[in-house]
Amino acid sequence: MKAIAPMLATIGKELPRGDGWVFEPKYDGIRVLAYVNGRDVALVTRNGLDKARQFPEIVDALRALEQRAKRPLVLDGEIVAMHGGVPARFQELQGRMHVTDASAIAHLRDASPSSLFAFDLLLDGKKTLVTEPWRVRRKHLAALLQPPGRTSALRLSDVGENGEAMLRTARRNDWEGVIAKRADASYEPGRRSRDWLKLKIEHRQEFVVGGWTEPRNTREHIGAILLGYYDSNGDLIYAGHTGTGFTRKSLLEMYHRLAKLERKSSPFTTTPKTNERPHWTRPSVVVEIKFNEWTGDGKLRQPVFIGVRDDKSPREVTHEPESIAKPAKRARSTTRPTRAGTKRRSRQPNYAALLDALTDIERAGGDGEIELPEGALDVSHLDKIFFPETKQTKGDLMRYYVRVAPYILPAIADRPLVMKRFPNGVASKGFFQQRAPAEAPDTVRVEAVADVGLRTQDRLIGGDLATLLYVVQLGAISIDPWHSRVQSVTRADYSIIDLDPGPRAPFSRVVEVAHAVKDVLDELHLHAVPKTSGASGVHIVLPLGRGVPNDGARTLAELIATMVAERNPKIATVERSVGLRPRGAVYVDYLQNIRAKTVAGVYSVRARPGATVSTPLRWNEINEQLDPGEFTMDTVPPRIEKIGDLWARGMKAPNSLAGVLTRG
DNA sequence: GGGGCGA
DNA sequence: TCGCCCCAACGCGTA
DNA sequence: TACGCG
Ligand SMILES: [Mn+2]
Ligand SMILES: [Mn+2]
């Protein structure tokens, strides 16, 4: 098949007036022409690269189309990352653009699926459609893709006649913009035509990277990349620099990419002055940049790195004219001045005084400093609502952990902590953090913990009050400790049977399975502490002696879990495939007993409405009346006062594994 | 929540 | 000074 | 060796 160059759009400055225009979303992905015949599928980018290998699901869909149509086809469209069944932003495609490893491609196909949104048809069998008006081509395309697939990797692009409405939808859904097309226009391969208008609602375009600057402080590899575009004389004009928008990974990738291209002299016609020491490169990497506006002197305001584009050649990168975007409005600041907190002195942890100090700080504006046995700790935003349903604040959470400190601290002593942080409360999205922040005060315990490979990673280690309250200050709601201690991360000191109710399993089913576990434990002469998970499950935890490797803990849990599942196949399963589990069964998960895996620790609050707590139980409390929702931040401290620390009591004596082993 | 970064 | 952005990633069982 | 799972 002969290669065709795609038709290109001109930047539109306003919505075109008059009839005869149609409007499509500006899909935010990779523009490709799809060549399909009985033998082959090619997905050719504007740069002439074939991306078929990277997007097998699209190739399969096109093959299936060819099987039905039984004729060669050439489609024009955009490869778009899909997120929850709807088109996502270009960033989501990043991970797939450059992958060449076959197994990685196969994995990504499901992990981050993509679709080809077809918006034009250039060849239909022997019939060339490029000279036909858009209207006719669209009709052929729609007929070809009948019925329109909604879940497939090949979809018909949206189109509408109402430009205003399409633009509103675009703004609401955070699209990049809208493409206006003349309904009676033919397809002009390779031309940037005025019959297609690109209406951009945000400032975004490609730039050529001409170098990078040294990082400052704790930043790694690269401070900022230096950006430019070509003017009509072929001069590379410096347009600004940006260091935001990178993940740790994309920053490292950019560094590797640029380091290979380093050269002595600046590629810019006029060498820019940079804040940090510059490194110059051959101008061959093209990046997509989002920015607020062009400044008066032709620089970018607030540029943000979006991704690398290898589907555009550097020479194509020019200063694109303004479209219909307006500079984003500055959001009003919501922070308020900080106030000095109450300072108190104590060598011993004086819990009552600490509770008072936290209350004072919360009432006095939320920010302050507390005095702990390990030293001072800054806290802030204690008045922020973390649990909207119950109106409990970050201060409430911190006071809870102070109250249970005598019980939770020994339980997490020497254990690496994984944080799931919710700086804005349970209603907003949280994020995991493994690494100890570089800026952690030296009152908190940070240690270099051996990784799986030959490296180490700085992690927070539990056991003291400063570290506990520091992670809460960072927005961690639950406390998630490793099953092993820093002294010996390869050896677990407890083994966990994790009862996870399936979607249709009531809590009473969990109770039944917990009983079944208890029966097996009794038979094997093992003892364990049951606790609510704080969510909808139960954890049953067996203390181990020293010297049990992680896989020993797993094997023990596996043995018990398997026996439980075999004896109670209707209500308990160890089947890992969700689809194969019996309806309403409880998943008896023994696979949490693995290095660096965590379950919510004992006495940990969970990031769920109601601030429920993972609470140790007496076996006789596990009955039909048990309601895990009763154990909350408010009810657990008085419960401990009343019945004591069931965890410490139950975990004191390690199990003897002799009986288990002799059993075969 | 807090640091790096841009402006 | 403010606004924006990032902040993880793997071993296992099954086929 | 790949895929789904937590
Ligand atoms: Mn669980
Ligand atoms: Mn689980």
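Side-chain atoms are counted along with the backbone in the values below, which use heavy atoms only and exclude waters and symmetry mates. Throughout, protein chains are lettered first and strands after them, A, B, ... in sequence-line order, and every chain is numbered starting at 1.
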Nearest-0.5 Å distance that lies between atom CG in A:D500 and atom OG1 in A:T573: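 Reported to 0.5 Å precision, the distance equals 11.5 Å.
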
Interatomic spacing from OG1 in A:T244 to CG in A:L251 - rounded to 0.5 Å: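 Rounded to the nearest 0.5 Å, the OG1-CG separation comes to 11.0 Å.
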
Have a look at [X] and say if it touches a base, only the backbone sugar-phosphate, or nothing, with a 4.0 Å heavy-atom cut-off.
X	result
A:V578	sugar-phosphate
A:K429	nothing
A:R459	nothing

Let me know the distance between [atom1] of [X] and [atom2] of [N], rounded to the nearest Å.
X	N	atom1	atom2	result
A:H221	C:dC6	NE2	P	16 Å
A:R435	C:dC7	CZ	P	10 Å
A:R455	C:dA9	CZ	C1'	15 Å
A:N593	D:dC5	CG	P	20 Å
A:K420	D:dG6	NZ	C1'	12 Å

Shortest non-hydrogen contact from A:K384 toward A:P423: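 Shortest heavy-atom separation between A:K384 and A:P423 comes out as NZ-O, 3.2 Å.
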
A:L542 versus A:I497, closest heavy-atom pair with distance: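 Smallest heavy-atom distance, with atoms named: CD1-CG1, 4.1 Å.
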
Passing candidate, side chain to side chain contact (heavy atoms under 4.5 Å, CB included) with A:Y229, options A:E320, A:E206, A:H319: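 By the side chain to side chain contact (heavy atoms under 4.5 Å, CB included) criterion, A:Y229 pairs with just one of A:E320, A:E206, A:H319: A:H319.
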
Is [Y] paired with [X] through a side-chain N to carboxylate O contact shorter than 4.0 Å?
X	Y	answer
A:E447	A:R445	yes
A:E362	A:K394	no
A:D551	A:R554	no
A:D28	A:R204	yes

B/S/- contact track for nucleotides 1-7 of chain B, protein heavy atom under 4.0 Å: BSSBBSS

Contact state string [nucleotides 10-15 of chain C, B base, S sugar-phosphate only, - no protein heavy atom under 4.0 Å]: BBBS--

Same-atom distance (C1') from D:dC5 to C:dA9, integer angstrom: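 The same atom, C1', in both gives a distance of 14 Å.
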
